[in-house]
Amino acid sequence: MALVFFNTLTRKKEAFHPLSPSEVKLYTCGPTVYDFAHIGNFRTYLFEDILRRWLNTSNYNVTQVMNITDVDDKTIRRSTEKGISLNEYTHDYINFFFEDLLSLKIEPAEFYPRATEYIPDMVQIITHLLEKKIAYKGEDSSIYYDVSKFPDYGKLANIEVAELKSGARVSHDEYDKEEASDFALWKTYDREDGDVFWETPLGKGRPGWHIECSAMSMKHLGPHFDIHTGGVDNIFPHHQNEIAQSEAYTGEKFVNYWLHAEHLIVDGKKMSKSLGNFYTVRDIFKKGFSPLGLRYFYVSSHYRNKLNFTFQGLQAAESSVHRIKDFVLRLKSAHGNPYPDLPEALSKAYQEFKEGMDDDLNTPRAVASVHELMNLLNPVLEEKEISREQAQEVIQFFLYTDKTLGLNLDELLEESLIPEEIERLISEREKARKNKDYRKSDEIRKTLQEKRFVIEDTPSGPRVKRI
RNA sequence: GGCGACGUAGCCAAGUGGUAAGGCAGAGGUCUGCAAAACCUUUAUGCGGCGGUUCAAAUCCGCCCGUCGCCUCCA
């Protein structure tokens, strides 16, 4: 089976065909850097990482852009409150964001454009839209997009614009635009903006939110590209508006596949600071959970289903990661007789992993194939009925799956090399144990623990692990 | 009010017509000087409820119940 994605645009699973046979152009909506990103944000970024990794594994060359929104109402307000410049303020949160990406082993995108660095590109698009009479200047001198000029407006979210206009939450009085459903491309300068403004042919002001993504995506990926992703909350209005702006500007189709990640909820409820169920990834690590555990937790659910975060669930993920790591280390020291059924089991595992991933990134299915193989081989390993060469083949399978799952198994295998000094202590301890000198053996175990190695005695001798 | 998603074991989660994957937790066991870890066995006559279609339904249809999301700048 070939790779299929659920496309929000058609609300169907579609076979994936990039515009250019081996290249994929991918735009992923990134953070607004007004605060630390939370575990819900990272669910989406992790989904995008899995997407990127699977495309790579499927032999596509991926060019990924992730924008950084470093100017908006919140960043301006908070930097003003703190009494520092917008740049100073966002600088820190950009760094924190990259640290968090790194800790979760999210592979870097090719480009991380910042909104403030693309003002001229936005101005160019807006100017063109004004010339085409698709945009207009409102009573407050801000520039708005006239959605009635875009026939398919609302299609992405399956929303009728006619109903929008009478929507309960929209009050006409508050706006200087002609229709409540129109949206801002350029916001004219307001006192509250402080020293955040750009003098442009459009007037003194700052960009609206949606326009940055149109400008930055098209700049790096061209007017028409393959995949655009984000959280479900971005479907409307953000992504709809991007389509309207971009297609009106270029006259051609903007994006072929729109993929959206469902939200993470906490204890069955929307995460919010007032409920006390709001966590950043840093909060999670402070509680003693590992980045890989959190990664596995995200992967254990399909990206289009709501994911209910609980500490019990996270603990389960941690346990699963341990089990996988342990299995891989066991494989490393395997040396027995060849296991005749291995080739069949392995090819089945490869096939099921691939089928799961190809089916709209069904990670729970893919992960199950890994566990099934472990369930089959653990008893085999117990009986030493697998050869060193075969164990290597199984390790290759795990490394293959790990290119997508990202549990750092390659590093684990490298680290599993035990320094000579440690080996010496282990054999010394074994000697003491044989002589029933348990005081000495326990002492050595303690010493090893201080050097961050843990000993596990098994019928076939001691095993050592790094902690 | 409009649009939409979801409801499978104690918890998490696959499965969209052929008789319930997988994980965690629990229970029992193996191993062990102790410890820790690991490994093995085991856990849903049933998939929110009630009807219907069918030889066959978690899967299709209808109604109901429940949870949640979006509906103008929240991933």
Side-chain angles (χ1 to χ4, degrees), chain A residues 11 28-32 37-48 69 72-74 147 154 157-160 162-164 166-170 174-175 177 180-184 187 208-210 212 229-238 240-241 260-265 268-272 296-297 300-302 304-310 312-324 326-327 329-330 352 356 359 362-372 374-375 378-379 381-383 433 436-439 441-442 445 449 454-460 463 465:
Chain A
R11 279 168 282 278
T28 50
C29 265
T32 302
H38 56 66
I39 54 174
N41 299 127
F42 274 98
R43 192 221 181 160
T44 300
Y45 305 138
L46 206 287
F47 145 68
E48 288 155 355
T69 301
D72 81 318
D73 292 351
K74 282 183 202 145
V147 303
N158 199 21
I159 283 172
E160 291 294 329
E163 283 161 15
L164 259 188
S166 53
R169 299 220 309 215
V170 179
E174 290 174 19
Y175 293 93
K177 50 195 179 185
S181 50
D182 292 347
F183 59 91
K187 295 181 162 187
W209 175 36
H210 317 294
E212 64 169 88
T229 70
V232 285
D233 53 297
N234 281 153
I235 296 172
F236 195 87
H238 185 52
Q240 178 61 74
N241 291 351
H260 292 98
E262 248 299 346
H263 277 172
L264 173 142
I265 54 180
K269 297 194 184 67
K270 189 169 179 171
M271 185 162 53
S272 77
Y296 188 96
F297 175 78
S300 65
S301 150
H302 184 85
R304 279 193 296 112
N305 281 145
K306 273 188 270 290
L307 172 59
N308 188 21
F309 177 90
T310 61
Q312 189 187 5
L314 184 55
Q315 187 53 57
E318 291 278 1
S319 301
S320 293
V321 172
H322 274 290
R323 181 148 178 258
I324 292 171
D326 233 273
F327 179 77
L329 287 179
R330 263 185 106 176
E352 287 184 353
D359 182 14
N362 193 330
T363 47
R365 255 177 81 187
V367 168
S369 75
V370 173
H371 283 284
E372 266 176 89
M374 285 200 296
N375 289 341
N378 255 324
L381 276 165
E382 202 78 353
E383 300 298 323
R433 287 182 72 224
K436 300 214 188 294
D437 185 355
Y438 294 124
R439 230 180 98 172
S441 78
D442 285 351
R445 180 159 65 191
Q449 215 152 38
V454 66
I455 296 275
E456 293 167 5
D457 296 320
T458 74
S460 53
R463 280 174 65 199
K465 281 198 285 195

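Computed over heavy atoms, backbone and side chain alike; hydrogens, waters and symmetry mates excluded.
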On RNA chain B, compare the nucleotides closest to A/Gly268 and A/Arg304; which residue's is nearer the 5' end? A/Arg304
Of A/Phe42 and A/His322, the one whose closest RNA chain B nucleotide lies more 5': A/His322
For [N], does the base pair up with any side-chain atom of [X] as donor and acceptor (N or O, under 3.5 Å, distance only)?
| X | N | result |
| --- | --- | --- |
| A/Lys187 | B/C73 | yes |
| A/Arg330 | B/A38 | no |
| A/Asp457 | B/C34 | yes |

Check the distance between [N]'s [atom2] and [X]'s [atom1] and give it to me in whole angstrom.
| X | N | atom1 | atom2 | value |
| --- | --- | --- | --- | --- |
| A/Arg323 | B/C12 | CZ | P | 20 Å |
| A/Gln449 | B/A37 | CD | C1' | 12 Å |
| A/Phe183 | B/C73 | CZ | P | 13 Å |

Between A/Asp326 and A/Arg323 (salt bridge meaning N to carboxylate O under 4.0 Å), is one present in this structure? no
Does a side-chain N-to-carboxylate-O contact under 4.0 Å join A/Arg330 and A/Glu382? yes
For A/Asn305 and A/His302, which I'm curious about, is there any donor-acceptor pair between the side chains at under 3.5 Å? no
Between A/His263 and A/Asp233, do the side chains contain an N or O donor and an N or O acceptor separated by less than 3.5 Å? yes
Residue matched to [N] through Watson-Crick or wobble contacts both under 3.5 angstrom:
| N | value |
| --- | --- |
| B/U19 | none |
| B/C47 | none |
| B/A38 | B/U30 |
| B/G7 | B/C65 |
| B/U59 | none |

Please round to the nearest 0.5 Å and tell me the distance separating atom NE2 of A/His371 and atom OG of A/Ser320. 4.5 Å
[N] and [M]: how far apart are their [atom1] atoms, nearest whole angstrom?
| N | M | atom1 | value |
| --- | --- | --- | --- |
| B/G10 | B/C6 | P | 23 Å |
| B/U16 | B/C60 | C1' | 9 Å |
| B/A13 | B/A21 | C1' | 10 Å |
| B/A57 | B/G15 | C1' | 13 Å |
| B/G52 | B/U43 | P | 33 Å |

Options B/C11, B/A75, B/C74, nucleotide nearest the side-chain atoms of A/Leu264: B/A75
Just to confirm, is there a sub-4.0 Å distance from OP1 or OP2 of B/C34 to any side-chain nitrogen or oxygen of A/Ser441? no
